[in-house]
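Counting starts at 1 for both ligands and their atoms, following the listed order. What you are looking at is a predicted structure, and each value in this text was computed from that prediction instead of being measured. In this chain, numbering begins with 1 at the start of the sequence shown.
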Amino acid sequence: MNKIIIANWKMNPQTEEEAINLAQDSDVEGLIICPPFPFLPAVKNSIRKATLGAQDMFWEESGAYTGEVSGPELQDLGVEYVIIGHSERRKNLSETDEMVAKKMEAAIRNDLVPILCIGETKEERDNNKTKEVLTRELTVGLGLIKNYTGEVIIAYEPIWAIGTGIPDTPENIIEMIQLIKETTEGFKSDSKVIYGGSVNSDNAEQFLQHEEIEGALVGGASLRSDEIKNIIKIAKKHG
Ligand code: PGA
């Protein structure tokens, strides 16, 4: 399967038992599962076909950083991918583009594939600021890894489409992906661009049928294994 499908469980579920059940039921080839930190070991032990991802990381390797989780710690748990700069962290924890850039660098230093999340608010879109926002998030966010030639995933996630049940249109997503590709032309990384925002098994085909949309970051729908399995089936059909 060429498409990248990522399950972002966010701060769900609430118990290890539920996490194990969901992981076992969602254990399909090609899926990257990003559970909350406390469930990483249990999920790792529950999957055979899926791959493990984390939802965040800190930019230092060790030391006096209360509450943070480092790249070596994630590596040790068998994590291969890491989401960086999700809009919920930017909003709730005031994560800046500069912090995101340091996390991107730390990810590649620790052999983790970074999933850089970018996207505009409704207000920014209405004020024709989308291009400006995406360009800033990309140039600053990737600024410390300009010469990196390995794999980087960029998730275009318009903030107003996250968790609202109202996804962006394929036409607009493709236009934004073209902008992202143009903006990242000078970077050497092997980057793939995926879409996130209210993707479910009913609408996934609309997006994944386009070769420009190289995958999906799925939040809410990834908490249901039947949903995620159907999304993977659709992804397989399209490359
Ligand atoms: P959603 O979340 O699928 O629930 O909209 C996507 C995301 O935040 O990555």
Side-chain angles (χ1 to χ4, degrees), residues 3-14 18-19 22-23 26 28 30-37 39 43 50-57 79 81-95 100 103-104 107 112-122 124-125 130 133-134 137-138 141 152-170 172-173 176-177 180 191-208 213-235:
K3 302 275 186 189
I4 297 162
I5 305 295
I6 302 167
N8 176 13
W9 290 0
K10 307 192 179 183
M11 202 169 67
N12 301 291
Q14 269 63 67
E18 289 170 284
L22 181 58
S26 311
V28 283
L31 180 66
I32 300 162
I33 302 180
C34 304
F37 286 135
F39 304 142
V43 169
T51 311
L52 195 63
Q55 298 177 16
D56 181 40
M57 68 178 293
V79 171
Y81 292 79
V82 58
I83 297 173
I84 291 181
H86 192 281
S87 59
E88 286 153 10
R89 297 193 58 83
R90 294 180 191 256
K91 177 169 172 268
N92 299 324
L93 294 141
S94 307
E95 230 175 72
V100 167
K103 292 183 178 196
M104 292 295 288
L112 299 164
V113 178
I115 304 156
L116 170 63
C117 298
I118 58 169
E120 80 287 358
T121 61
K122 175 90 177 59
E124 286 161 345
R125 170 165 301 201
T130 303
V133 170
L134 297 188
E137 288 182 329
L138 283 169
V152 171
I153 299 170
I154 298 169
Y156 171 55
E157 296 208 299
I159 294 168
W160 49 270
I162 296 177
T164 57
I166 308 164
D168 202 349
T169 61
N172 186 64
I173 297 166
M176 292 308 122
I177 290 178
I180 292 166
S191 54
K192 292 222 162 64
V193 189
I194 66 173
Y195 167 72
S198 297
V199 175
N200 58 38
S201 64
D202 289 333
N203 61 28
E205 185 131 38
Q206 281 178 44
F207 309 116
L208 297 174
I213 305 176
E214 296 173 282
L217 180 45
V218 187
S222 73
L223 298 173
R224 286 187 44 196
S225 57
D226 54 336
E227 276 287 305
I228 207 75
K229 280 184 188 152
N230 283 332
I231 294 172
I232 290 278
K233 261 189 217 150
I234 295 164

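- At distances below 3.5 Å, at least one donor-acceptor pair connects side-chain atoms of R90 with backbone N or O atoms of G85.
- S198 contributes a side-chain N or O that, together with a main-chain N or O of A161, makes up a donor-acceptor pair within less than 3.5 Å.
- A donor-acceptor distance shorter than 3.5 angstrom exists from the side chain of Q55 to the backbone of C34, with no hydrogens or angles considered.
- Between S87 and I159 the shortest heavy-atom distance is CB-CG1, 3.6 Å.
- Proximity of a side-chain donor or acceptor of D56 to a complementary backbone N or O of K103 within less than 3.5 Å is not detected.
- Here the side chain of S26 pairs no donor or acceptor atom with the backbone of A23 at under 3.5 angstrom.
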If you look at each N/O of ligand 1, which protein N/O atoms lie under 3.5 Å away, and at what distance?
residue	atom	partner	partner atom	Å
ligand 1	2 (O)	K10	NZ	3.2
ligand 1	3 (O)	G219	N	2.8
ligand 1	4 (O)	G220	N	2.8
ligand 1	5 (O)	G163	N	2.6
ligand 1	5 (O)	S198	N	2.7
ligand 1	8 (O)	K10	NZ	2.7
ligand 1	8 (O)	H86	NE2	2.7
ligand 1	9 (O)	H86	NE2	3.3
ligand 1	9 (O)	E157	OE1	3.4
ligand 1	9 (O)	E157	OE2	2.7

